[in-house]
Each structure stands twice: as structure tokens, then as C-alpha cells.
Amino acid sequence: MTAASKPLFDGPFEGSPRAAEIIARVQDFLHGELAELARAHGIDHEHGADRALLQQVWRRAHALGFYGMTLPEPMGGLGLPVLDHVLIKEAIYASGSPFAPHVFGELSGPPRVGALARQATPQQMAQFIVPVAQAEMAICFALTEAEAGSDAGAVQTRAVLQGEHYVVNGRKRFISGSPFADAAVLLASTAPEGATEREVTAFFVDLRSPGARVETGYKTMAGQSGTGDIVLEDCRVPLANRIGEPGRGLALALGRISVNRLLHCPAMLGLAQLALRDARDYALQRRQFGRSIAQFQAIQHMLAEMATELAAARALMLGTARALDAGGAARAETSMAKLFCSETAFRVADRAVQIHGGEGIVQGRRVEFLFRMLRMYRVLTGTSEIQKNTIAKELLETT
């Protein structure tokens with residue numbers, strides 16, 4: 001085995017035999033069919049796929065058993081433990097495929113609705129959750145607003161009950177997957193006008209309804225247009241689309257956010273592994289002063305620091321996954337994992353750019369894209385500062 005092909009983590013596999021088998025099959029899918037599809041349509045990290053092509057990917061992933069694998073078994077999923085989930089997701093992102101976020105349907109598929117099955121009515125299951133699970137409908141999770149970013153209880157979008165409908169007005173900001181979503185799980189205030197008590201309620205909202213639209217006139221620093229705003233102007237949402245009881249939306253959102261913080265970690269670390277691999281391979285082939293720069297101690301030390309920090313972050317991620325599988329709430333641990341993994345992954349990408357030198361700051365180089373993408377993860381699903389607040393709160397809790 002050459003140094004360039006040596007895996008970054010070659011210890012014993014931490015997951016189940018089933019997870020190892022799934023990883024082998026999903027890698028064949030990523031490096032085979034999806035790689036050919038990306039080449040045929042000019043899809044890369046800078047140029048995303050349109051809705052029609054993504055739906056083709058979703059349906060093919062569903063047919064192969066990947067798309068809904070994270071769902072509970074009664075919904076057609078595999079009922080994977082969290083540990084297997086993060087290992088499979090890490091392998092998907094470490095593949096470097098531009099379709100990595102779509103194999104599980106992360107932006108618009110089953111992960112958005114799996115936790116709702118216990119609260120959904122039979123009508124909601126048939127109208128929203130089952131079609132999403134079967135790759136027939138795309139859905140997004142709409143919580144964030146311009147004035148209520150990390151304060152989930154301060155949403156300004158309002159839903160007023162009028163007969164058998166809620167009339168919803170407001171704007172949701174930075175909603176992942178919204179440009180190609182058919183529906184949204186949307187949180188709105190249902191408190192009476194002037195009330196001092198917060199009452200945040202969740203709804204299924206058909207984004208094709210009159211009064212609902214998605215605006216996509218901006219791009220994030222990652223370069224693609226997978227994020228947009230959802231605007232609601234007197235949008236009438238049937239009472240039957242309310243998820244659970246009024247005022248229970250905040251608990252739903254916060255419960256989802258805690259686990260979701262951990263589930264961002266394998267994406268970050270998979271991408272960071274790409275950055276480390278690219279830096280290592282570049283150092284081996286780039287020659288200066290008659291030898292490869294991998295022979296310079298300064299480069300060796302950077303690579304050693306990158307690998308060590310990445311291994312430490314990965315250990316924290318896997319330990320937190322085991323804690324969740326054991327039934328722990330792990331609120332502090334999930335925030336620790338999100339904080340440490342996002343900061344570490346960005347440091348790895350930063351050093352990878354440094355090792356590439358001038359080549360590392362040229363757009364079109366994967367390492368330059370990874371630098372931008374991993375910078376975003378320090379903000380997504382709660383900034384590093386919000387994670388520190390959560391950790392400190394758990395540490396200082398006395399009751």
C-alpha cells in the first residue's frame with residue numbers, strides 16, 4: 001500500500017457488521033453510479049444539481065435501501081443505533097461525492113421527519129411523512145428567523161386560528177433544503193396578541209399553497225444554493241396540519257436540535273478527512289529544493305497536528321454516540337461534540353490550505369472549498385458560542 005492510498009483511520013471498525021456492509025455498498029454507489037451522474041451533468045462542490053436530478057438521486061438511493069435507512073423500523077428504516085449512523089455518514093462525506101448530503105436525504109428527506117412519527121396523525125403520516133420516506137416528496141425544517149436565530153422561543157412568525165385553518169405570516173431565514181422542498185415542518189407563535197407567555201407550535205406547511213413561497217436570491221459561502229428563505233403571507237394552513245398540541249413546538253425543535261448537533265459531526269469530520277488526505281497527498285507530490293515538501297519538518301508537524309486533533313474529535317463523536325445509544329440525554333456531550341468537531345475540522349482545513357500554499361487559495365481546488373464549507377459548520381446548528389452556553393448551563397445546573 002502506498003502512503004497516498006493508506007487510510008487515515010485503519011484501526012478496528014467501531015460499528016456493527018451491518019454498518020460495515022452498508023458502508024461498502026454505499027461507497028460502491030457513490031464512486032460508481034453517482035460519480036458517473038456527476039460527470040455527466042457537470043456537478044461538483046461548486047455546481048449543484050437541480051430539483052429533477054436530485055429527485056433522481058433520492059429515488060435511486062431509496063431503491064437501494066439507503067435513503068430511509070435512518071428511520072425507525074416501523075417506517076421502513078433499519079432502526080440504526082446512533083453509532084452506526086455516524087460511522088456511515090462519516091464514510092459518505094469522506095468519499096468526496098458532491099451528492100453526499102442526498103444519499104440519506106439529509107437536506108430534504110427522512111431525517112427531517114423520522115422523529116415526528118410518534119406525534120403525527122394518520123392523515124399527516126399519509127400526506128407528509130410516508131411520501132418523504134419514499135422519496136416522493138421533499139421537506140425542510142423551518143425554525144430560524146433573522147431576529148430569532150439561536151433563540152428558538154423568540155420566533156416572530158405568527159399563526160392565528162380562524163375556523164379550521166391557521167393563517168400564517170412571517171419569514172423564515174437560512175432554511176436548508178428549502179429551494180427544492182415541497183413542504184416544511186414550520187414553527188410559529190400561536191400565542192394571543194400581546195401575551196407575555198411564549199407558545200410555539202409546529203405545523204406541516206405545503207409550500208405550494210397560496211401565500212407561501214421560497215426565495216433563493218442568495219448563496220452561502222459554500223457556493224451552492226441549497227439554502228433559502230420561506231415567506232408566508234396570509235398562508236392558510238389546515239388545523240389538521242398542526243403537529244401535536246399548541247405550545248409543544250419548542251420542545252419538538254429543541255429535542256431535534258440536540259441529536260442533530262451530534263449528527264453534524266460526521267459530516268464535518270468526513271470533510272476534514274478529505275482535507276487531511278488532500279494535504280498529505282499534495283505534500284508527497286509537491287517538490288521544492290529537490291525533494292517533496294513532505295520531507296520538511298514544518299509540513300510533517302502540521303500533518304501530525306491535523307491527524308491527532310482529528311482523531312481526538314472523532315473519539316469524542318463516537319463516545320457521544322455510544323452515550324445516546326445507552327439512553328443518556330447527553331445534552332452537554334452533544335454540544336461538546338459539535339463545538340470541538342467544528343472547531344477542529346476548520347483548523348484541519350486551514351492547515352490544509354497552508355500546506356497547499358498558493359494552490360490552496362485558488363477557487364476550483366477542493367481544499368479551498370473545504371475551507372469555506374468547514375468554516376460554515378462553526379455557525380450551523382448553533383454557533384460555537386451557543387454550544388459553550390449549553391455546556392456551561394449543564395455544568396452549573398444544581399438541581
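In this chain, numbering begins with 1 at the start of the sequence shown. The figures here come from the full heavy-atom set of this structure, side chains too, leaving out hydrogens, waters and symmetry mates.
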Minimal non-hydrogen separation, V132 against S108, with atom names: CG1-O, 4.3 Å

Indicate the atoms forming the closest heavy-atom contact of M317 with C341, along with that distance. CB-SG, 4.3 Å

Quick one, F180 and L53 - any side-chain contact, counting heavy atoms below 4.5 Å? no

Take a 6.0 Å sphere around CD of E33 and say whether it holds more than 12 heavy atoms from other residues, nucleotides or ligands. yes

Assess whether atom CZ of R158 is packed by more than 12 heavy atoms of other residues, nucleotides or ligands within 6.0 Å. yes

Give a yes or no on whether M125 and V205 share a hydrophobic cluster (residues Ile, Leu, Val, Met, Phe, Trp, Tyr; joining criterion: side-chain heavy atoms under 4.5 Å apart). no

Centres of the Y67 and H102 rings: under 6.0 Å? no

Would you tell me whether T157 and E145 have side-chain atoms, one donor and one acceptor, within less than 3.5 Å of each other? yes

If the test is side-chain hydrogen bond (donor to acceptor under 3.5 Å, both in side chains), which one of R261, H264, K338, Q387 qualifies with T381? H264

Verify, without hydrogens or angle tests, whether H356 (side chain) and A352 (backbone) share a donor-acceptor contact under 3.5 angstrom. yes

Is any side-chain heavy atom of L34 closer than 4.5 Å to a side-chain heavy atom of V103? yes

Evaluate the side-chain proximity of Q127 to M137: yes if any heavy-atom separation is below 4.5 Å, no if none is. no

Could you walk me through whether R25 and E21 pass the salt bridge (Lys or Arg N to Asp or Glu O under 4.0 Å) check? CA-CA 6 Å; R25 289 197 299 113; E21 182 268 334; 2.6 Å; yes

Taking the side chain as every heavy atom from C-beta outward, state whether E73 and L78 have any atom pair closer than 4.5 Å. no

Are the side chain of D325 and the backbone of P81 linked by a donor-acceptor contact shorter than 3.5 Å? no

Is there a donor-acceptor pair under 3.5 Å between the side chain of R287 and the backbone N or O of G290? yes

Side-chain (R242) to main-chain (G244) donor-acceptor, under 3.5 angstrom: yes

I'd like to know if the side chain of S384 pairs up with that of E343 as donor and acceptor (distance under 3.5 Å, no hydrogens or angles considered). yes

Count the heavy atoms belonging to other residues, nucleotides or ligands that lie under 6.0 Å from CD of Q297, then report whether that count exceeds 12. no

Minimum side-chain heavy-atom gap D44-R366 below 4.5 Å: no

Where does the angle between the aromatic ring planes of F128 and F204 fall among parallel (under 30°), tilted (30 to 60°) and perpendicular (over 60°)? parallel

Would you mind reporting whether F371 and M221 have side-chain heavy atoms less than 4.5 Å apart? no

When you check the side-chain N and O atoms of Q273 and E90, is any donor under 3.5 Å from an acceptor? yes

Rounded distance [0.5 Å steps], CD in Q156 versus CG in N169: 12.5 Å

Could you tell me whether a side-chain N or O of E394 sits under 3.5 Å from a main-chain N or O of R331, the two making a donor and an acceptor? no

Look at the side chain of S209 and the backbone N and O of D206, then say whether any donor-acceptor pair between them is shorter than 3.5 Å. yes

Between atom CG of D229 and atom CZ of R171, what is the distance when rounded to the nearest 0.5 Å? 5.0 Å

Just checking, is any N or O donor in the side chain of E199 or T190 under 3.5 Å from an acceptor N or O on the other one? yes

Report yes or no: does K172 contribute a side-chain atom to a donor-acceptor pair with the main-chain N or O of L143 at less than 3.5 Å? yes

Using a 3.5 Å distance criterion without hydrogens, assess whether the side chain of S95 forms a donor-acceptor pair with backbone atoms of I92. yes

How far does CG of L80 sit from CG of L87, to the nearest 0.5 angstrom? 10.5 Å

Can you check whether A138's main-chain N or O pairs, donor with acceptor, with D182's side chain at less than 3.5 Å? yes

Rounded to the nearest 0.5 Å, how far does CD1 of I243 lie from CZ of F203? 8.5 Å

Would you say I299 and V353 are hydrophobically clustered, going by side-chain heavy atoms of ILVMFWY under 4.5 Å? no

Side-chain contact, heavy-atom cut-off 4.5 Å: E245 with R248? yes

I'd like to know whether E106 forms a salt bridge (Lys or Arg N to Asp or Glu O under 4.0 Å) with K89, so could you lay out the CA-CA distance, the side-chain angles of the two residues, the decisive distance to 0.1 Å, and finally the verdict. CA-CA 10 Å; E106 282 182 80; K89 185 172 176 179; 2.4 Å; yes

Under the salt bridge (Lys or Arg N to Asp or Glu O under 4.0 Å) criterion, do E233 and R213 qualify, and how do the steps go? CA-CA 9 Å; E233 297 173 338; R213 69 178 187 276; 3.1 Å; yes

Looking at every heavy atom in both V367 and D278, which two are closest together, and how far apart are they? N-OD2, 4.5 Å

Assess whether atom CD of E164 is packed by more than 12 heavy atoms of other residues, nucleotides or ligands within 6.0 Å. no

Measure the OG1-CZ distance between T227 and F174 for me, rounded to the nearest 0.5 Å. 9.0 Å

Got H85 and F104 here, is their nearest side-chain heavy-atom distance under 4.5 Å? yes

Heavy atoms only: give me the nearest R112-L107 pair and the separation to one decimal. NE-O, 3.3 Å

I'd like to know if the side chain of R351 and the backbone of F346 have a donor-acceptor N/O pair within less than 3.5 Å. no

Q56-R60 side chain donor-acceptor pair, cut-off 3.5 Å: no

What heavy-atom pair brings A146 and R173 nearest, and what distance separates the two atoms? N-CB, 3.8 Å

Check the surroundings of atom CD1 in I361: do more than 12 heavy atoms from other residues, nucleotides or ligands lie under 6.0 Å from it? no

Given salt bridge (Lys or Arg N to Asp or Glu O under 4.0 Å), test R314 with E309 step by step and report yes or no. CA-CA 9 Å; R314 191 169 186 266; E309 292 185 15; over 6 Å; no

Between R236 and Y166, is any side-chain donor less than 3.5 angstrom from a side-chain acceptor? no

Let me check something: do L318 and L263 share a hydrophobic cluster, defined by ILVMFWY side-chain heavy atoms less than 4.5 Å apart, either directly or through other members? yes

Please give me the minimum heavy-atom distance between A330 and L324, naming the atom from each residue. CB-CD2, 3.8 Å

Transitively linked via ILVMFWY side-chain contacts under 4.5 Å: L54 with L64? yes

